[in-house]
2 protein chains.
Amino acid sequence: MSTNDVEKVVKIIEDIKVGMLTTRSGENLLSRPLTAVQVTDDGDLWFFIATESEIAQEVAKDRNINISFSDKTSWVSVRGTAEIVRDVGKKEELWNPAVEAFARGGAKSPNVALLHVSSESAEYWENPGGPVSLAASWVKHKLTGEQAHPGDSGVVDL
Amino acid sequence: MSTNDVEKVVKIIEDIKVGMLTTRSGENLLSRPLTAVQVTDDGDLWFFIATESEIAQEVAKDRNINISFSDKTSWVSVRGTAEIVRDVGKKEELWNPAVEAFARGGAKSPNVALLHVSSESAEYWENPGGPVSLAASWVKHKLTGEQAHPGDSGVVDL
């Protein structure tokens, strides 16, 4: 995947902002919306979460997560590993007034943590109007070099 | 969750149509867009997939899936079990011309199957403009009665 493709994935994520984070909960897979407060140039993601949340508990048990970003014409799937970050300096760096609405106590509060997703691979699909979708994917060079699979079947605008 | 809430979940899914289906692939969680061709009144979902697709392979190994539907103001997470259905009668019932674009050979083709998701629980979040989200959830009565968790933290419109 070219640098352009990575930039494209980052741009789609920044535009959509709210992703659906999927974690394991025993046998089940659960997902919930989470707003990205930062997307790095290589696709890593930062979110605020509650320290006592379900997300924090599930990530502590299994770091392998997926987060997807969707709108009417673009879909991104990010596979990566998640970690909880409690560093106050980092929390202050990423803090903004909108976070205050759900995370009382400010960046210093132990009840508020960051979720850092180290993105290992991503795929995106775009569908500007027709029934046939485009798919592309990237796998971070730092990893094993395993190729992400090309776009799956079944992507169609009905 | 009231009947109204179930209707609401069904309505959101019908409006968005394209969900991100998450399956297990070994240690990893993968997701990809998939278009619902039918949503039943109680939230079960039907999709067309390729018989040889990654989805079919992964569901054969582990039926527990998640599918999420997102737009700018609504998010739905459905937890359920998936099964591959090859019944030609059912394929013909759900077939439509848009499916033809990616599934050559018509409803009778062995290369085309249905994915039936039996939805066990769902959650939805709505955010009509403000930073605070609403959350609701339902669990099908036919199941154990386990309560779905309330909306997680971290849902905020930044």
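Per chain, numbering begins at 1; letters A, B, ... match sequence-line order. We use all heavy atoms of the structure for the numbers below, so side chains are in, but hydrogens, waters and symmetry mates are not.
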Trainee: Roughly how far, to the nearest 0.5 Å, is the CG atom of B/L30 from the OG atom of A/S68?
Mentor: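 One finds 12.0 Å between OG of A/S68 and CG of B/L30.
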Trainee: Please check if atom CD in B/E93 has more than 12 non-hydrogen atoms from other residues, nucleotides or ligands closer than 6.0 Å.
Mentor: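 Atom CD in B/E93 is crowded, with more than 12 foreign heavy atoms closer than 6.0 Å.
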Trainee: Go through the side-chain N and O atoms of A/S31 and B/S77 and say whether any donor and acceptor fall under 3.5 Å apart.
Mentor: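 The answer is yes; a qualifying pair exists.
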Trainee: What do you reckon, is CD of A/E83 surrounded by more than 12 foreign heavy atoms closer than 6.0 Å?
Mentor: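 Above 12, so yes.
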Trainee: According to a hydrophobic-cluster definition based on side-chain heavy atoms being under 4.5 Å apart (Ile, Leu, Val, Met, Phe, Trp, Tyr only), do B/F48 and B/V88 belong together?
Mentor: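 No, B/F48 does not connect to B/V88 through the hydrophobic network.
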Trainee: Just so I know, are the side chains of B/S70 and A/P33 near enough to count as touching, which here means a heavy-atom distance under 4.5 Å?
Mentor: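 With C-beta onward as the side chain, the pair stays apart.
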Trainee: Taking it one step at a time, do A/W75 and B/R32 satisfy side-chain contact (heavy atoms from CB on, under 4.5 Å)?
Mentor: CA-CA 8 Å; A/W75 298 267; B/R32 75 290 283 169; over 6 Å; no
Trainee: Taking A/N66 for the side chain and B/L29 for the main chain, is one N or O donor matched with an acceptor at less than 3.5 Å?
Mentor: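 It does hold such a pair.
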Trainee: Could you tell me which portion of B/T23 (side chain, backbone, both or neither) has an atom closer than 4.5 angstrom to a non-hydrogen atom of chain A?
Mentor: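 When you check distances to chain A, only backbone atoms of B/T23 fall under 4.5 Å.
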Trainee: Write down the atom of A/V76, the atom of B/M20, and the distance for their closest heavy-atom approach.
Mentor: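 Closest approach of A/V76 to B/M20, heavy atoms only: O-CE, 3.7 Å.
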Trainee: Taking all non-hydrogen atoms of both residues, which atom of A/R24 and which atom of B/E27 are closest, and how far apart?
Mentor: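 Here A/R24 and B/E27 meet closest at NH2-O, 2.9 Å.
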Trainee: Check B/R79 against A/N28 and note the closest heavy-atom contact, atom names and distance.
Mentor: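 That would be NH1-OD1, 3.1 Å.
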